[in-house]
There are 2 protein chains.
Amino acid sequence: MKPRARRGGGRPTIADVALRAGVGAITVSRALREPGRVSPELRRLVAAAVAELGYVPDRNARALASARADVIGVLVPSLTNSVFAEVVRGIYDGLGDSHLQVQIGHTHYSGLEEERLLQVFLSQRPSALIVSGIDQTPAARALLENAGCPVVQIMETGPDPVDMMVGFSHFEGGRAAARHLAEAGYRNIGFIGARMDPRSKRRLAGYRAAMEDAGIFDPRLVTTTTVPSSVSLGRDLFREARAKMPALDAVFCNNDDLALGVLFECHGAGLAVPSAVGIAGFNDLEMMEAAFPSITSVRTHRYEIGRLAVSMARAAISGDRPPQPMVDIGFELMPRESTKRAR
Amino acid sequence: MKPRARRGGGRPTIADVALRAGVGAITVSRALREPGRVSPELRRLVAAAVAELGYVPDRNARALASARADVIGVLVPSLTNSVFAEVVRGIYDGLGDSHLQVQIGHTHYSGLEEERLLQVFLSQRPSALIVSGIDQTPAARALLENAGCPVVQIMETGPDPVDMMVGFSHFEGGRAAARHLAEAGYRNIGFIGARMDPRSKRRLAGYRAAMEDAGIFDPRLVTTTTVPSSVSLGRDLFREARAKMPALDAVFCNNDDLALGVLFECHGAGLAVPSAVGIAGFNDLEMMEAAFPSITSVRTHRYEIGRLAVSMARAAISGDRPPQPMVDIGFELMPRESTKRAR
DNA sequence: TTGTATGCGTTATCAT
DNA sequence: ATGATAACGCATACAA
C-alpha cells in the first residue's frame, strides 16, 4: 500500500530528532523530561539535535500518550474583581519555568457554574486544580475528591480540606477590623456589605462577634445587598445605613470599593473623616493608602496565596506533598487616618 | 499477544459509543461535530449512546488527530490592569456555548515576552490568536503572519493589520480629552503619564496635538514616568508637575488611577476641584462617576472589544471572515464635575 | 541506561 | 451518507 502524505504541518517530530541524534525516540523523550535518567553524552547529542531542528514537543500528543495534560485548572469567581486578578498573577508567577499552563474558569460566584467548569476541566485530565473558597456544592466536592490530581483550595481556611489549602480566616479579619473601630472609640459601628458571598458572610460574622464582645451590636447597624460591589454602591449603601441609623459614626466595609464609596459620600455630604465618621475597608487595595484621608483596611496576601498555591500544587505533582497541607497565611490590619478618631 | 490493561482512566471512548449505537466510530465523531452530515436517525442513536455512557470527547486526542487545539490564545500585558481584566471578561463571555477554551498569556508589556509566549502558544496550534496592540516586534509579527489561524489585534486601530483588528484611536482619545479641558477654559493643562507604553504615548501625542491647536502647548507641562501606574503615583506625579509648573490649572491623566491620585492630592493640598484644578482621566472606570467630585474621563469600550474580538475570531474559524476586518469601536468623552470650571 | 513494540482516542483519507 | 484504515506524535511497559 502506498504511503500517505503526512497530515501534520511538517514540524519536526521526536523521531526526526532521534534520527539526527542517532538515538532512540524514547531517549529523546526522556532527555527532555527527565534529563537525570539519560547519560550526559546522549543528553548533549539530543540537545544539539533539538536545537538544530528547532524541535518543539507537541503538547497534544504528549497529553494523549500520558493521559495527563500539563495544565493547571484555576477556578475563580471573577477576574474583574482585582483581588482575584492578583491571585491569578501570583499563580502565573508561581509557575516559573515549569512547562505548566494555566486554564482559568469563572464561576461567577455560582456553585453550579463551578460544578460545570469542573466537569469541563476534568475532561482534560489536568495536572492540578486550584479552586476558590471552601463552599463547593456536594457534587463539586465529589468531583474534586475523585479528580485524581492535587487540589488546592484558596482564599480561605476551614476544616476538612479536599486536599490542600491556602488562605486565611475571613471571620478573624472581619473581627479585627470591627474591634479596631471599637477600640478607636466609635460606638455606632455599621457594617456595609455587597454581593455577600460566603466569605463576605464570614467577615460579617466576625464583625458581629467583635461588636457583641464590646456590647454594642445592633442588627440595624448592618446593611447588605447581594448586588455586586462597586464604589457607587458604597455611596448608596452608606446613605441607606445613615438613613436607618442617623447616629452611625463608623462603618466597616465588606471591601475597599465600598469603603472608597463611603469616603466620597462623606466628602459629598460634608461629613468629616475620621472625626464624624470612621471608615475601614477590606483587602487593602493600593488606593487605600493613597486616599485622602488614607483608609484603614485589612491587608490580605492575595498574590502570595496564588504563588503558594502553585508551589504546593507543583510539589504534589512531583510526588512530594507539602508537609503542611493547610496554610493559614493570615492578614494584617492596616490602621490609617480614616479611623483616627479624636477622643 | 496478551491484551494489556487500558492505560486511560477507563473513560468511555468513541469506540464504546459507536458499539453501543451500532455505528462506526467516525459516524459518532461526525454526529458530534457536524450533525448536518449525519442522517437524523443515526444522529439520534448516537446522542442516546453518548448520554447513556456519559461520553465526553478527549480534547487531547482530538487535538492530536486534527492538528488543531480548540484553544484561543490571548496575549495581554497584564490582568491586574482592570482594563484588560474587562477585555478578558468580554472574551470569555463572547465564547458563549462554543467548545473553545481560552489560554491567557501575560506579556508584562514586553515585546520579547510576547514573542516567547507566541512561540509557546503556537506550538499547540491554537484555533485563533488575540493579541494586544499593534506594536509587535518584527519577529512576533512574522510569527503572527504565519500562525496559520485567525489573528485579532485588539485595543487599538492602526494601518496594516496582521489579519483582523478591533480597537480605537488612542491619539484621538487623548486629543478629545485635552481639547475638552481647553474648551472648559483651562490654560495651563498638564499631562501626567505612567508606564508610557505605546498606547500611552499615542494619547500623549493626541494631547499635544490639541494643545498645539489651541496654541498653549509647553513641553514643561508634560510629566511622565515609565513606572507602572497607581493611585499614589498619581499623587506624586501631580506634586512633581506643580513644582515644575506652579501655574498648572488642569491635568489630563494617562489613566483613571492617576486621575484619582490627583484628586486625592488636591484634597490633601486644599486645592479646589474643578475651580483651582481640572482633572480628566482615561478609560472611565466605574469609580470616576462615583468620585467626589465626579471625574471627567474618556470611556473606552473594553468589554465590547473582547466580545467583538472573539466573535470575529469565531467567524473566521468557521470560514466566513467578517466583511469588515477592521473595526474602530470608538470612545466617548464623559464630561463631569472635575472639569466644570467656573469662567 | 537504552531501545522495541505498542497503545493513547480521535480525525483525515479514501472507498463504497 | 457511512465505514475501514491509517495516521497524529508521544509515552508506557517491558526487555535487554
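The sequence lines fix the lettering, A, B, ..., with proteins before strands; numbering per chain opens at 1.
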| query | So what does B/R30 touch, heavy atoms closer than 4.0 Å: a base, only the sugar-phosphate, or nothing? | reply | base
| message | Give me each pair satisfying salt bridge (charged side-chain N to carboxylate O under 4.0 Å, His left out) with a member in residues 73-86 of chain A, each pair once, sequence neighbours excluded. | response | A/E86-A/R302
| task | List in chain and number order the residues that pass side-chain contact (heavy atoms from CB on, under 4.5 Å) with B/V120, two or more places apart in sequence or in another chain; answer none if no residue qualifies. | result | A/Q101, B/R116, B/Q124
| said: Is any side-chain heavy atom of A/R20 closer than 4.5 Å to one of A/L53? | reply: yes
| Closest contact, heavy atoms only, B/V56 versus A/S123 | CG1-CB, 3.6 Å
| task | Could you list by number each residue of residues 53-62 of chain B showing a heavy-atom separation from DNA chain C of less than 4.0 Å, or answer none if no residue does? | result | B/Y55, B/P57, B/D58, B/A61, B/R62
| Between P of C/dT4 and CG of A/L19, the distance in whole Å | 12 Å
| field | Non-hydrogen side-chain atoms of B/V310 and B/L95 separated by less than 4.5 Å | value | yes
| query | Quick one: is C/dA12 close enough that its OP1 or OP2 comes under 4.0 Å of any side-chain N or O from B/R68? | reply | no
| Can you tell me if the side-chain N/O atoms of B/S29 get under 4.0 Å from OP1 or OP2 in C/dT11? | yes
| said: I want to check something: taking the side chain as every heavy atom from C-beta on, are A/L32 and A/V50 in contact at a cut-off of under 4.5 Å? | reply: yes
| Nearest-Å distance for atom pair CD/P, residues A/E34 and D/dC10 | 16 Å
| task | Look at B/S39 and D/dT2 and indicate whether a side-chain polar atom (N or O) is within less than 4.0 Å of OP1 or OP2. | result | yes
| field | Separation of atom CZ in B/R43 from atom C1' in D/dT2, rounded to whole Å | value | 14 Å
| task | Measure from the side chain of A/S66, starting at C-beta and using heavy atoms only, and say which of C/dA12, C/dG9, D/dT12 lies closest. | result | D/dT12
| field | Which nucleotide in D/dA4, C/dG9, D/dC10 has an atom nearest any side-chain atom of B/I26 | value | D/dA4
| message | Does a side-chain N or O of A/T27 approach OP1 or OP2 of C/dT2 to a distance below 4.0 Å, or not? | response | no
| task | Please tell me which of the listed nucleotides, C/dT2, C/dT11, C/dG7, lies nearest to the side chain of A/V38? | result | C/dT2
| task | In plain terms, say whether A/R141 and A/D160 are close enough for a salt bridge, that is, a side-chain N and a carboxylate O under 4.0 Å apart. | result | yes
